[in-house]
Structures are given as structure tokens and as C-alpha cells.
2 protein chains.
Amino acid sequence: MSILSSAVDVLRCFSSTRHDVTVTDLVTLLGMPKSNASRLLRAMRDEGLLETVGESKRYRPSLLLNQVGHLYRFAASLIDRADAIVGRVSDQIGHTGYISVRRGNEIVGVTAHPGRHALRVVTSIGDRIPAFASSTGRALLARLSDEEVRALYPAGFTPPSATAPQDMDELLARLAIVRRAGFAESHDEAVHGVRAISVAVGDPTTGDEVALCLSFPAATVEPAERLAIIRSLGQGAAEIAALIQDKRFIPLNLSIAETAP
Amino acid sequence: MSILSSAVDVLRCFSSTRHDVTVTDLVTLLGMPKSNASRLLRAMRDEGLLETVGESKRYRPSLLLNQVGHLYRFAASLIDRADAIVGRVSDQIGHTGYISVRRGNEIVGVTAHPGRHALRVVTSIGDRIPAFASSTGRALLARLSDEEVRALYPAGFTPPSATAPQDMDELLARLAIVRRAGFAESHDEAVHGVRAISVAVGDPTTGDEVALCLSFPAATVEPAERLAIIRSLGQGAAEIAALIQDKRFIPLNLSIAETAP
DNA sequence: CCTTTAAGTTCCATTAAATGGAACTGAAGT
DNA sequence: ACTTCAGTTCCATTTAATGGAACTTAAAGG
């Protein structure tokens, strides 16, 4: 195996709950000999991928990674555009907004705008959640054909809550609604008491696809405000879709939004 | 040379003006054989460091790098704390705020909060500017001894503008003022018409040091508002310094702020 | 203070991967 | 159909990575 692969394994060890690693962390997490772990961490630091934390033996991601990672949103300029829209809507409504991408059958948050309200939904960038059981996920899955969706779940899936799709048939039925409505909605799925509304848009030239989402406590949002969120997100996404000529974009169908709960 | 070193060279090719690279880019930028460039980019993509842009032969940083890079601010929790303070002050004052770190004799922006005013200072994350010719840089340099500062400039420096320090003696004289005043100030140095005010704080346990900065158009800020900025930044930094027991922190001396222009 | 254990580093022969020149493929323009 | 340029694959050579064990350091226990 290439040292590159080991280096990436090290990077994958970092998470929102593990901000730095030591030689023994690598030995236990990756099962590598400590001689390797020791040299690898030092090499990565010498090359500038990692930094040592003060004088300790702890290693954390470097400023270089921070800067290069920061470029991602510009390299994938769709993300930057979508983030601007979500930021605007989040500011206007006051609830938490974020944008997510799909990797296989999982959804990863990329940027977030915390809401202004005391009771707000907190999202953590970089965490992975199942695509089928979230509004962002279904907004993105709705851009695929039923066959492609089935292919993502060769072994089916286990619903995390009663309001999530319970099986493939229910998922496909809900995706069909998303395709007609132009937005996806969730209620009590990942987090109890939380609703979320998402729309998806994609860039045909790069193949990138993102979901724009607003998430809020179910109890505090009146039907009129819910419609306002749907309208704002839908219009914002439509602007992007027009700009980048996303032919698969599903325009909003407000009459469905009004009848649905 | 290790492939790790080449991979990092590739990452360093990315910048705010180069969001993706091709095989030939690497050949010209790094002078490597194209056989290497081709395999290296593919290997980095296969390992998850890079992504291909759609179906093209262009490579950009990956989502993984975005996520790991994002952790930097939490791993270096001083940055997160400082960012919260600057965000609060920026919101309150309405002008652009950002935080920076020093790498050798250069300053790198890490996070930014754009101001609300129509005429606002725009900062670009990740760009490097000379430490001696910026308020953030001098706030950080003031934490070093004169000998350490001299050691950073073995060959002296070239002032970028008339209001920047013109030579080492002037720089040291201005750092001495920063050490008494507890804040650093710039005017027309990097950008004409722009003033900036910075304070620095450091974490003794990790060795991290950051500068908190507010930057604004010189023409639109009255003396009273300037004092308010200095007070807010100084108090915010003092909170952090107390929390993390930064013994080298320089408390604000408002009487100097009032006499200086 | 000395002992014990854990954590990290260095050494070395073995094994595996990276290198660069050149030949090859494929696509874009003339 | 020809030319040109970008990118990929091949192969023998060179170079680096590997993992076991010995060694050094640092913290915990008596």
C-alpha cells in the first residue's frame, strides 16, 4: 500500500469528536505498527499536512488543509451559490439553514447558517446521515430514477423512526411526491420535534448536486411561515438552476405544498 | 522524494485563483514528468484527496479535505473562540472583522465576517500578507522580543507603502507602542483608504497565537466609533486571555488609544 | 527515590512502491 | 486525413515504505 493511502486514513480519523490524534490512536484505530504510525505522523507534519499541538505529541490538521479545504466551496461553485441562497433565506426567516451533498446513500452537511431563535436546530458540518431518512436526502434522491435509488440500497434499509420511510416502496412513493412538489419535507425523522424542508439543484457541467435545506422546531412554525420557507428556497434554487441550466431541476408546485400538512 | 511530498505540492498549487488543476498544470507548475503527474492525480483521487470535476480531466480538492480543513478551527480552539468574539464585534459595529495567524513573517487570514455597510472591506481567506505591514501582523509580532523580530527579517524588508514601517528601527518603535497600547493600528498600508485595528492573544498550552482584527474605510469612522472598536476588541481578547491564562497578553491602555490619531 | 509500565522513536534487512523516459492512445483543430 | 497537444501506460531502475525488535523517554506506583 502507498503511504498516500495511509495518510488519507489518518485524515479520516479526524472528526467532530476527534480533533487531534497521537501515535497510539493510530495504532488502535488503524491497526498499524507503531513504528509506522510514528514515522507517518512525523512525515505528514514535515510535509505540512499536520501540525503538532504545542509541545505535545498530539497532531491536528494543518492550516494548509484548512485553506485547501476552504477552496472546495469555490471549486464546487454550485456550493457557493447555494450557500448564498440558504444564507439569505436563513437570515430572512431566522431558522437554521444548511446545504448538503450526497455521497452514495449518505448525506454530508457542507455549510450551515445557525438560526437566530433561542430554540434553533444545530447542525454539524461533516456528519453523515442516511439519505433516505432526511429531507435533504430525499430531495437529492428524487433527482435519480427509481432504479438508481434501488441500486443504492441493495440490502434495503432500517428506518430510524416511525415517520421515516419504512421500506423501499414507501421511499419511492415519497420520492414521487417530491418530484411533483419540487421540495422534500421531513418531520421527526432524525431528531424529534424538528421539521425540515429541502430543495435540490445540480450543475450539469460538473455533475455536482446539492440540497438547500431549512430546519426548524415543528412547534414554532405556522403554516404560513412554512409556505414562505418553501417559496423562498424554491425560488432561490430556481435562480441557480436557471443560471447553470440544470435541466433536471424540479420547479416548485405550490398547490401541493398548500394541501400537504 | 516521498509521494507524500508530491501530493502536498499538488495541494499547494490550489489557491483562490486556481480552484482546479490538470496534468499539464502540474508539469508546468512543479516541473514533474507528466507520467508522474498523471498517476499522482489519479492516485490522489482514488484515495479521496481530490475529486474530478464532472467528466473532465480537471481535479479539485475533495469533500474530505473540506471536512478535515473545517476541523482546524476546532482543533485550534483558540481560533474558534477568537472567531466568536470578532463575529460579535463585527455584528455590533457593522464593519468587516477577521482573525489571522502568523506563519513566519507572513500573516494568513483564517476566518472572516463581512461587514454590513455598502462600503466594506473584503478580505480573502488564505491569502498571505507581510506581517510587518499590517495591524494584525504587528499585533502578533509585538508578542515577540525585538531579537525574535529581527531574526524573522534577516535581509530586512521592503515597505509596500509610505505609512508602513520603512525599516527595522521604525518597525521596532511601532511594536513598542503596540506593547504599551495593547492594540495595533494600520492606515493606508495594504489598501488605500482602509484602516484596521488588531489585538493578539495566545494559548500557552498549544502555542497558538491569533490576531483579532476589525477593518473599515478610514473616511466613515468617527473617533468615537474607533474607540468603541478598540474597546470591544480589547475586552473580547481579554476575556479569552483570562480564560486560557495567556500570560503574555497585553491589556488595553485606553489613554494611549485616545491620544493617538 | 527507585521501579514499573506505557508511549514514542530509531534501526535494519526485506519488500514494495515511485520514478522517468519512451511508446502509445485519444481528442481537437486544420 | 493529417497534425498537434494532452493524457495514459509500460518497463527496468531506483528509491522509499514496512514491521519486528531494540532502544529512549515520560508518566504512574510503591
Side-chain angles (χ1 to χ4, degrees), chain A residues 1-15 17-62 64-65 68 75 204-207, chain B residues 1-15 17-62 64-65 68 75 203-207 245:
Chain A
M1 292 298 286
S2 155
I3 195 176
L4 205 53
S5 154
S6 310
V8 173
D9 290 341
V10 171
L11 296 185
R12 289 189 202 281
C13 287
F14 294 109
S15 70
T17 56
R18 189 186 305 277
H19 296 156
D20 47 37
V21 298
T22 62
V23 169
T24 26
D25 286 343
L26 291 193
V27 172
T28 57
L29 288 168
L30 303 176
M32 59 169 55
K34 11 175 228 181
S35 52
N36 270 0
S38 174
R39 279 173 307 201
L40 178 57
L41 287 175
R42 186 148 35 97
M44 290 177 73
R45 176 180 52 99
D46 290 347
E47 298 298 347
L49 288 173
L50 302 178
E51 300 176 348
T52 40
V53 180
E55 296 299 301
S56 74
K57 312 266 183 186
R58 312 194 71 80
Y59 291 80
R60 67 182 183 202
S62 70
L64 172 69
L65 288 180
V68 174
T205 66
T206 63
Chain B
M1 292 299 287
S2 157
I3 195 177
L4 204 54
S5 154
S6 310
V8 173
D9 289 341
V10 171
L11 295 185
R12 289 189 202 280
C13 288
F14 294 109
S15 71
T17 56
R18 189 187 305 276
H19 296 156
D20 47 37
V21 298
T22 62
V23 169
T24 24
D25 286 343
L26 291 194
V27 172
T28 56
L29 288 169
L30 303 176
M32 58 168 55
K34 49 179 193 168
S35 52
N36 269 0
S38 173
R39 280 173 306 200
L40 178 57
L41 286 176
R42 186 147 36 94
M44 289 177 74
R45 176 180 54 102
D46 290 346
E47 298 298 345
L49 288 173
L50 303 179
E51 299 176 349
T52 39
V53 179
E55 297 298 303
S56 73
K57 312 265 184 191
R58 313 194 71 79
Y59 292 80
R60 67 182 181 201
S62 71
L64 172 69
L65 288 180
V68 173
D203 184 337
T205 66
T206 64
Q245 301 184 317

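When each of Tyr59(A) and Ile3(A) is assigned the nucleotide of DNA chain C with its nearest heavy atom, Tyr59(A) is the one assigned upstream, toward the 5' end. Between Arg42(A) and Ser2(A), the residue whose closest nucleotide on DNA chain C is further toward the 5' end is Arg42(A).
Rounded to an integer number of Å, the gap from Arg58(A) CZ to dG8(C) P is 9 Å. Atom CG in Leu4(B) sits about 13 Å away from atom C1' in dA18(C), given to the nearest Å. The distance between atom CE of Met1(A) and atom P of dT18(D), rounded to the nearest whole Å, is 9 Å. Atom-to-atom, CG of Leu40(B) to C1' of dT8(D) comes out at 14 Å; the value is rounded to the nearest Å. The interatomic distance linking Asp20(B) (CG) with dG7(D) (P) rounds to 12 Å, in whole Å. Per the geometry, CG belonging to Asp9(A) stands 15 Å off C1' belonging to dA17(D), to the nearest Å. We find that NZ of Lys34(B) is positioned 12 Å from C1' of dT9(D), with the value rounded to whole Å. Glu47(A) places its CD atom 14 Å from the C1' atom of dA17(D), with the value rounded to the nearest Å.
Within the model, atoms CG of Leu26(B) and OH of Tyr59(B) stand 9.5 Å from one another, a figure rounded to the nearest 0.5 Å. Rounding to the nearest 0.5 Å places SG of Cys13(B) at 4.5 Å from CG of Leu29(B). Annotation: the span from Leu50(B) atom CG to Met44(B) atom CE amounts to 4.0 Å, rounded to 0.5 Å. For the atom pair CG (Asp46(A)) and CZ (Arg39(A)), the distance works out to 13.5 Å, reported to the nearest 0.5 Å.
Under the 3.5 Å distance criterion, the side-chain polar atoms of Thr28(B) are matched with a main-chain donor or acceptor of Thr24(B).
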Under the salt bridge (charged side-chain N to carboxylate O under 4.0 Å, His left out) criterion, do Arg58(A) and Asp20(A) qualify, and how do the steps go? CA-CA 6 Å; Arg58(A) 312 194 71 80; Asp20(A) 47 37; 3.1 Å; yes
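In this structure, the nucleotide among dT18(D), dA6(D), dT19(C) sitting nearest to the side chain of Asn36(A) is dT18(D). Closest to the side chain of Thr24(A), from the set dA7(C), dG7(D), dG20(C), is dA7(C).
Note on Met32(A): nothing from the nucleic acid sits closer than 4.0 angstrom, heavy atoms only. In this structure, Arg39(A) reaches the bases: a heavy-atom distance under 4.0 Å links it to at least one base atom across the strands shown. Using a 4.0 Å heavy-atom cutoff across all strands shown, Ser35(B) reaches at least one base atom of the nucleic acid.
Using a 4.5 Å heavy-atom threshold, the side chains of Arg45(B) and Thr52(B) count as touching.
Over its full length, the helix from dC1(C)-dG30(D) to dT30(C)-dA1(D) turns its helical axis through 50°, comparing axes from the five pairs at each end and rounding to 10°.
At the phosphate of dT18(D), OP1 or OP2 sits under 4.0 Å from a side-chain N or O atom of Ser6(A).
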